[in-house]
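Only this structure's heavy atoms are used, side chains among them; waters, hydrogens and symmetry mates stay out.
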Amino acid sequence: LGWAALALGLCTLSAACDGDPGFAPAPDHELLTQVQTEKYREWTRAPGRDMRQATRAPHGHMLEIFINAPLAEAQANADGLGRTSWPEGSIAVLEGYADELTAELSQVAIMQKKHGVWYWEQYQGDDFERPRFSGRPDVCLGCHNTGQDFTRSFGLPKKTAE
């Protein structure tokens with residue numbers, strides 16, 4: 001019993017240490033409901049992604065990426081100061097498709113910066129009953145940690161003002 005309790009405690013501690021110790025994932029569908037309510041398909045397209053584009057990412061063969069106002073404003077870099085991270089409340093929604101013409105979704109992935117860390121929800125196709133992944137799953141972190149502040153499809157804006 002002692003070893004089992006210690007193992008359970010270490011697992012709990014390691015999960016809490018991922019980012020902000022006060023971070024708790026939102027209930028299933030909360031993020032999906034938010035972006036659907038905000039009509040994410042009307043948001044700004046990710047830089048360099050004005051239309052569906054081919055990818056080698058595991059999200060589908062073709063992607064469309066939409067970004068919310070805080071992320072779009074940061075990306076615009078109006079003050080020319082650049083960024084070292086994306087602002088709190090940034091959200092990106094990725095729609096994955098099998099090909100250029102198909103209307104049927106292969107996947108929907110959503111990422112939101114909350115409490116200084118990124119949170120994900122990923123759905124297969126248009127089956128929104130239950131996310132395939134949510135929270136801060138290793139599968140998302142393992143790939144996205146190679147990007148600038150966990151974004152891989154576009155980088156942080158560089159300083160342009162002196």
[X] side, atom [atom1]; [Y] side, atom [atom2] - distance, nearest 0.5 Å:
| X | Y | atom1 | atom2 | answer |
| --- | --- | --- | --- | --- |
| T33 | F128 | OG1 | CZ | 10.5 Å |
| K158 | L81 | NZ | CG | 15.0 Å |
| L31 | Q36 | CG | CD | 10.0 Å |

Is [X] reaching over with its side chain to a backbone N or O of [Y], donor-acceptor style, under 3.5 angstrom?
| X | Y | result |
| --- | --- | --- |
| E88 | H115 | yes |
| N68 | W43 | no |
| K113 | W86 | yes |

Exercise for review: Report the residues that fulfil side-chain contact (heavy atoms from CB on, under 4.5 Å) with P47, sequence neighbours left out, ordered by chain and then residue number.
Suggested key: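 If we apply the side-chain contact (heavy atoms from CB on, under 4.5 Å) test to P47, skipping adjacent residues, the hits are I67, Q75, F154.
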Check your understanding: For D127, what residues pass the side-chain contact (heavy atoms from CB on, under 4.5 Å) criterion, not counting sequence neighbours?
Key ->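 Partners of D127 under the side-chain contact (heavy atoms from CB on, under 4.5 Å) test: E129.
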Mind listing the closest non-hydrogen atom pair of [X] and [Y] along with its distance?
| X | Y | answer |
| --- | --- | --- |
| A74 | P87 | CB-CD, 3.6 Å |
| I65 | S153 | CD1-OG, 3.2 Å |
| A98 | S106 | N-OG, 3.2 Å |
| S85 | L156 | C-CD2, 3.7 Å |
| L63 | G96 | CD2-CA, 3.9 Å |
| Y97 | E104 | CD2-O, 3.4 Å |

Check your understanding: Do E95 and R52 sit within salt-bridge range, that is, some charged N less than 4.0 Å from a carboxylate O?
Key ->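 Here E95 does not pair with R52 in a salt bridge, since their nearest N and O are not under 4.0 Å apart.
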Review point. Once the angle between the rings of W118 and W120 is folded into 0 to 90°, is it parallel (under 30°), tilted (30 to 60°) or perpendicular (over 60°)?
Key: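 Because their plane-to-plane angle lies in the 30° to 60° range, the rings of W118 and W120 count as tilted.
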So do [Y] and [X] actually touch side chain to side chain, heavy atoms under 4.5 Å?
| X | Y | result |
| --- | --- | --- |
| S134 | E121 | yes |
| F66 | R45 | yes |
| T44 | L71 | no |

**Study point:** Qualifying residue, where the test is side-chain contact (heavy atoms from CB on, under 4.5 Å) with M111 and the options are T151, L94, I91
**Key:**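 Exactly one candidate clears the test, T151.
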Practice item. Could you tell me which residues satisfy side-chain hydrogen bond (donor to acceptor under 3.5 Å, both in side chains) with E38, sequence neighbours excluded, listed by chain and number? Key: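 With sequence neighbours excluded, E38 shows a side-chain hydrogen bond (donor to acceptor under 3.5 Å, both in side chains) to Q34, given in chain and number order.
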